[in-house]
Amino acid sequence: MIDRARREILTRAAAFAGTSMAGIAAGQTGQPSEGLEYLSAIQVGDALRSRKFSSLELTDHLIARIERRDAALNAVIARDFDRAREAAKAADAALARGERRPLLGVPMTVKESFNVAGLPTTWGIPQAKDFKATEDALIVARAKGAGAVVLGKTNVPIVLADWQSYNAIHGVTRNPWNLERTPGGSSGGSSAALAAGFGPLSLASDIGGSLRVPAHFTGVTALKPSLGLVPLRGHAPPGLAPLPRENDLAVVGPMARTVGDLALLFDVIAGPDELTTGVGYRLALKPPRHEELARHRVLMIDSHPLVPTAAPVRLALERLADRLSRSGVKVERSHRLLPDLAEAARLYMRLLLSFSAATWPAALYDELKGAAAGLPSDDRSLGAERIRGISLSHRDWVLADGARARLQHQWRALFGEIDVVLCPPMPVTAFAHDHSARQETRRLDIDGKPHAYLDVGLVWAGPATSAGLPAAVVPIDRGDSPLPIGVQIVGPYLEDRTVLAFAAMVEREHGGFVAPPGYAA
């Protein structure tokens, strides 16, 4: 049974979706025509149940589109078309028997970093190019169990550690809005596939903005769930046992083109791992706080104390704040209870690199551990905090974890007076490909001035990630930019439904997906 809160999110988003089901005439040939590639998953499900077309027909249509248009993008790098057709046939038979499942017959893609039985899982690591999983990641199995048809897997950067999606095995993925620009990372293959009309849904992951930044760069939507809500089993580097565990900071979640589809896929994949009685069993989602946009209390933060926001992004957020105010939303630009974003960013850098460096080669770890020992004690730069994080002792990590607990308490206090916080997903729009070897030496231009690549990429990923908070990205504007711009919507812990409900309202009234030039029929 669909609860009232979820039904409201789905209904609002379906009403806003860009393709009218009235255009699919029951008396026509039944073959999908140009334009159906941008149907939402909700619309596809409705059409399949109404026998407007079959899952196999739509699957063949999308396969043909990928074969025709992905040569320029390189988004779907592990194709599973034969099995997709068989799954579509099975879905059609099930529909004919009267079966009803949330994703029955709906085509989708999956980020390369998830195990899918029979397909390579490399994480872009050349030495792992021949590794193939023998079983599906848990949430992939849940999506298939709900009836989804998996078309294939999407490209990632090596070890998922970039806001560009390229590696020596599969090459470079490009942004359909501008082939000279990145679609983001590490879920850039998924975001490019969605924007290009290669299916309405994808599964992805996030620890440093890997769901949120690609959505922002390509004009699609994504949800970083509350930490611990969606199980990670089977999302692991190649060859590692797919064990039930909760990784510090990291989450997996849905990507789509509409918020209603995010909610649909989120409901399919969320819930505790069946192999554990751990934290997931104690988590309970709360309903949305409000059913009307005007009742929300919003804190808009468009600049960070350590990294500026580029003018196109800042102006788009300012325009959104003005439109929300005119819609009756109480929009605040500052708040006494907002945590210190600079200190929170420094803490995030230490926690993130402590987690990430645990699996680095010993020689590199030892080299950087030595570098950390030589840092001046008064160097509080984000780069210095990252180096310190690499070699945290267990004692130091426990102290950092205690600081995180205090930070989480500060966010709880803020959300006692504010419903959601709005901020940039990243300070810039999609930038030009830069595959220079060391990310530490890369720079990104912000209004004519160079800034450290890693600082720019991480400052707005940190607030939600370090505190385990849910955060959605929904496209809002292009404004003065020829590229999409999204807003990040951060909500209270376990109030993912508040985030989704607010995102659906923003999508309906102030934004929403637009196909890149030349991709819509």
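Here the structure is a predicted model, which means the values were calculated and not measured. Computed from heavy atoms alone, side chains included, the values below leave out hydrogens, waters and symmetry copies.
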Practice prompt. Take Ser165 and Thr173 through the test side-chain hydrogen bond (donor to acceptor under 3.5 Å, both in side chains) and record every step on the way to the result.
Written response: CA-CA 6 Å; Ser165 293; Thr173 299; 5.5 Å; no
Worksheet item: Do the side-chain N and O atoms of Thr258 and Ser40 include a donor-acceptor pair separated by under 3.5 angstrom?
Response: no
Practice prompt. Classify the side-chain pair Thr218/Arg181 by whether it contains a donor and acceptor separated by less than 3.5 Å.
Written response: no
Worksheet item: Would you say the side-chain atoms of Asn115 and Thr121 include a donor-acceptor pair closer than 3.5 Å?
Response: yes
Worksheet item: Does a side-chain N-to-carboxylate-O contact under 4.0 Å join Asp496 and Lys224?
Response: no
Worksheet, complete the sentence: d(Arg404 CZ, Leu351 CG) to nearest 0.5 Å is 4.5 Å
Worksheet item: Just by modelled atom types, is the Leu39 backbone N or O under 3.5 Å from a matching donor or acceptor in the Arg257 side chain?
Response: yes
Item to complete: Ignoring hydrogens and angles, state whether a donor on the side chain of Thr182 or His433 is under 3.5 Å from an acceptor on the partner side chain.
Response: no
Discussion item. Does this structure show an ion pair linking Arg142 with Asp136, if we count only N-O contacts that are shorter than 4.0 Å?
Written reply: no
Worksheet, complete the sentence: Between the CG atom in Leu201 and the CG atom in Leu264, the distance rounded to the nearest 0.5 Å is 6.5 Å
Worksheet item: Taking the side chain from Glu99 and the backbone from Ala91, do they hold a donor-acceptor pair closer than 3.5 Å?
Response: no
Worksheet item: Could Arg83 and Glu86 be called an ion pair, given the rule that one side-chain N must be under 4.0 Å from one carboxylate O?
Response: no
Worksheet item: Would you call the rings of Tyr166 and His435 parallel, tilted or perpendicular, where under 30° means parallel and over 60° means perpendicular?
Response: parallel
Discussion item. Show, in sequence, the C-alpha distance, side-chain angles and deciding distance for Thr276 and Asp273, and conclude whether the side-chain hydrogen bond (donor to acceptor under 3.5 Å, both in side chains) test is met.
Written reply: CA-CA 6 Å; Thr276 180; Asp273 190 320; over 6 Å; no
Discussion item. Rounded to the nearest 0.5 Å, what separates atom CZ in Phe114 from atom NZ in Lys153?
Written reply: 9.5 Å
Discussion item. Please determine whether a side-chain nitrogen of the Lys or Arg among Arg350 and Asp401 lies less than 4.0 Å from a carboxylate oxygen of the Asp or Glu.
Written reply: no
Item to complete: With Arg65 as the cation and Phe198 as the aromatic partner, state whether NZ or CZ is under 6.0 Å from the six-membered ring centre and within 45° of the axis.
Response: no
Fill in: Short N-O contact, Glu440 and Arg442, less than 4.0 angstrom
no
Worksheet item: Given Ser466 and Leu407, is the side-chain contact (heavy atoms from CB on, under 4.5 Å) satisfied, shown in steps?
Response: CA-CA 9 Å; Ser466 56; Leu407 177 66; 3.6 Å; yes
Worksheet item: So how far is it from Thr122 OG1 to Gln127 CD, rounded to the nearest 0.5 Å?
Response: 10.5 Å
Discussion item. One pair to check against side-chain hydrogen bond (donor to acceptor under 3.5 Å, both in side chains): Thr109 and Arg79. What are the steps and the verdict?
Written reply: CA-CA 9 Å; Thr109 58; Arg79 298 176 180 182; over 6 Å; no
Item to complete: Give the ring-plane orientation class for Trp123 versus His235, where under 30° counts as parallel, over 60° as perpendicular and anything between as tilted.
Response: tilted
Fill in: Sidechain-backbone polar pair: Gln164 side chain, Asp434 backbone, donor-acceptor under 3.5 Å
yes
Discussion item. We want to know whether Ser186 and Lys111 form a side-chain donor-acceptor pair, criterion being a heavy-atom distance below 3.5 angstrom.
Written reply: yes
